[in-house]
2 protein chains.
Amino acid sequence: MAVRAERVHATREQLLTAAERLFAERGVFAVSNRQVSEAAGQGNNTAVGYHFGTKTDLVRAIVRRHAAPIERLQQRMVAEAGDSADVRDWVACLVRPLTEHLADMGNPTWYARFSAQVMTDPALRGIVLEEAYTSPTMMRIVDGLNRCRPELPPEIRAERDDMARQVIVHMCAERERALADDAPTPRPSWHDAATGMIDAIAGLWLAPATIPTREEAS
Amino acid sequence: MAVRAERVHATREQLLTAAERLFAERGVFAVSNRQVSEAAGQGNNTAVGYHFGTKTDLVRAIVRRHAAPIERLQQRMVAEAGDSADVRDWVACLVRPLTEHLADMGNPTWYARFSAQVMTDPALRGIVLEEAYTSPTMMRIVDGLNRCRPELPPEIRAERDDMARQVIVHMCAERERALADDAPTPRPSWHDAATGMIDAIAGLWLAPATIPTREEAS
DNA sequence: ATTTAATTCAGTCAATTGACTTAAGGCTGA
DNA sequence: TCAGCCTTAAGTCAATTGACTGAATTAAAT
């Protein structure tokens with residue numbers, strides 16, 4: 001009974017893996033659905049269309065595949081953080097689930113580069129925001145972070161939250177790129193890279209905010 | 001004598017402007033050279049090819065067009081900074097030239113979104129790095145910044161320099177997007193947005209760095 | 001005034017793309 | 001066992017793309 005379902009699942013996984021790699025290496029829009037199908041070993045040139053639909057749907061499927069294990073790691077860390085008032089604890093909840101997930105997958109990985117591209121593309125960024133940044137777990141992390149600096153105006157908290165996200169996504173992509181190119185990296189492991197990000201982002205969050213004044217020079 | 005040169009220059013400018021807008025709104029690889037030519041009012045469907053060559057060359061031309069005025073602003077700010085040992089002064093040299101340039105161009109702008117995409121695309125990122133991040137002025141800024149934290153290991157300084165860049169590029173893109181969509185922005189002006197970034201990036205630079213230890217848990 | 005050469009225009013080409021169609025394969029379930 | 005249907009394969013289609021072609025335009029030089 002499960003033989004068929006397994007085969008289908010395997011095909012879908014092959015397509016997702018091939019797509020993720022090609023997208024990361026050549027760019028999401030530089031790769032056609034056909035190329036993905038062929039790279040996945042499917043003679044059928046419409047395999048992507050059959051299993052996923054449009055390229056947007058394929059991108060969403062890739063995001064979802066990683067969102068699940070990452071969220072599991074997030075939940076564990078949020079539970080550990082409890083009701084901490086230490087910025088570092090919450091920043092770690094933001095950083096470590098992704099870096100650990102990347103570390104778990106071994107080398108090479110493609111998801112960080114893929115993710116950075118998707119987040120930057122006007123037609124695709126909505127997908128990641130919906131799939132990965134609206135979960136209840138993510139809300140709790142943002143909340144925990146905000147409670148560490150209650151005196152900051154909400155707009156500035158939102159701003160810094162955004163900055164932290166950008167740093168994480170794009171620094172992971174950068175490191176992944178370096179690993180793929182056999183280029184030197186500032187840190188020997190994903191864990192250490194995460195530590196560097198946590199240091200920096202904690203500093204970013206704890207930095208004093210210039211009070212906007214009315215008579216400031218243009 | 002200059003009539004012809006002027007016409008050609010005008011055509012090139014129209015192509016660059018149209019390309020920049022379409023690239024920012026729809027994505028660099030989602031827009032064909034033909035569409036750029038048509039949007040620029042050129043009946044000739046090979047106008048881009050004739051004037052610039054490949055899409056990569058077109059992207060480079062767009063980057064160059066903005067690099068010049070931005071670098072002028074950088075030079076002015078670097079001169080003001082002198083040999084300051086204040087992180088904020090050097091971070092400002094990194095942030096304000098871009099935000100001022102965007103402010104100078106009025107609303108809407110497209111360069112920040114364009115730039116963020118190009119920086120993230122595996123085939124194009126090299127262009128910006130060459131054209132905008134290797135100038136002597138940029139070197140001096142990085143140098144000034146590094147001298148503010150001489151005790152940090154060079155890899156960590158490189159890492160934080162990278163983080164600062166990512167924050168600037170992508171937060172500007174985010175703000176530009178919000179302006180284009182008539183969405184609310186955390187800050188009323190590019191100048192204020194820059195202040196927010198400078199606060200945060202200064203904090204990022206000044207944050208204490210965890211000393212890597214050998215017996216850290218994996 | 002006439003020639004020259006750069007620019008713009010219009011048409012065409014092979015190659016590629018997403019989508020569609022049809023047929024074959026093989027697990028599923030009665 | 002065997003009919004049914006989901007998956008895969010293979011071929012096709014119109015549309016689009018980058019590139020090439022030659023002609024028309026027109027400022028510039030003689």
- Query: A:His66 vs A:His101 aromatic rings, parallel, tilted or perpendicular, using cut-offs 30° and 60°?
  - Reply: perpendicular
- Query: By a strict heavy-atom criterion of less than 4.0 Å, which residues belonging to residues 51-64 of chain B are in contact with DNA chain D?
  - Reply: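 Close to the strand, none.
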- Task: Enumerate the residues from residues 23-44 of chain A whose closest heavy atom to DNA chain D is under 4.0 Å, giving them by residue number; use none for an empty result.
- Result: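 Within residues 23-44 of chain A, the residues near DNA chain D are A:Arg34, A:Gln42, A:Gly43, A:Asn44.
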- Residue pair B:Ala116 / B:Ala173: nearest heavy atoms and the distance that separates them: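 Closest heavy-atom pair between B:Ala116 and B:Ala173: CB-CB, 3.7 Å.
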- For B:Arg12, which residues count as a side-chain hydrogen bond (donor to acceptor under 3.5 Å, both in side chains) partner, sequence neighbours excluded? none
- Query: In chain order, what residues pass the side-chain hydrogen bond (donor to acceptor under 3.5 Å, both in side chains) check against A:Glu159, with sequence neighbours excluded?
  - Reply: B:Arg187
- Listed once per pair and sorted, the salt bridge (charged side-chain N to carboxylate O under 4.0 Å, His left out) pairs that draw on residues 23-42 of chain B, sequence neighbours left out: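 Checked against salt bridge (charged side-chain N to carboxylate O under 4.0 Å, His left out) - neighbours excluded - no pair reaches residues 23-42 of chain B.
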- Message: Checking side chain to side chain donor-acceptor pair (under 3.5 Å) between B:Thr109 and each of B:Arg175, B:Glu176, B:Glu20, which is the one that passes?
- Response: B:Glu176
- Upstream residue (5' side of DNA chain D) when A:Thr46 and B:Asn45 are each assigned their closest nucleotide: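 Closest to the 5' end, via its nearest nucleotide, is A:Thr46.
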- Item | Sub-4.5 Å side-chain heavy-atom contact between B:Trp90 and B:Asp143 | no
- Nearest-Å distance, OH (B:Tyr50) to P (D:dA24)? 18 Å
- Task: Given salt bridge (charged side-chain N to carboxylate O under 4.0 Å, His left out), test B:Arg60 with B:Asp57 step by step and report yes or no.
- Result: CA-CA 5 Å; B:Arg60 179 175 289 111; B:Asp57 298 320; 3.4 Å; yes
- Query: Does B:Arg88 use its side chain to pair, donor to acceptor, with the backbone of B:Ala202 at less than 3.5 Å?
  - Reply: no
- Given B:Ile127, B:Val128, B:Thr134, the one that forms side-chain contact (heavy atoms from CB on, under 4.5 Å) with B:Glu131: B:Ile127
- Message: Rounding to 10°, can you tell me the angle the first-five-pair axis of the helix from C:dA1-D:dT30 to C:dA30-D:dT1 makes with its last-five-pair axis?
- Response: 10°
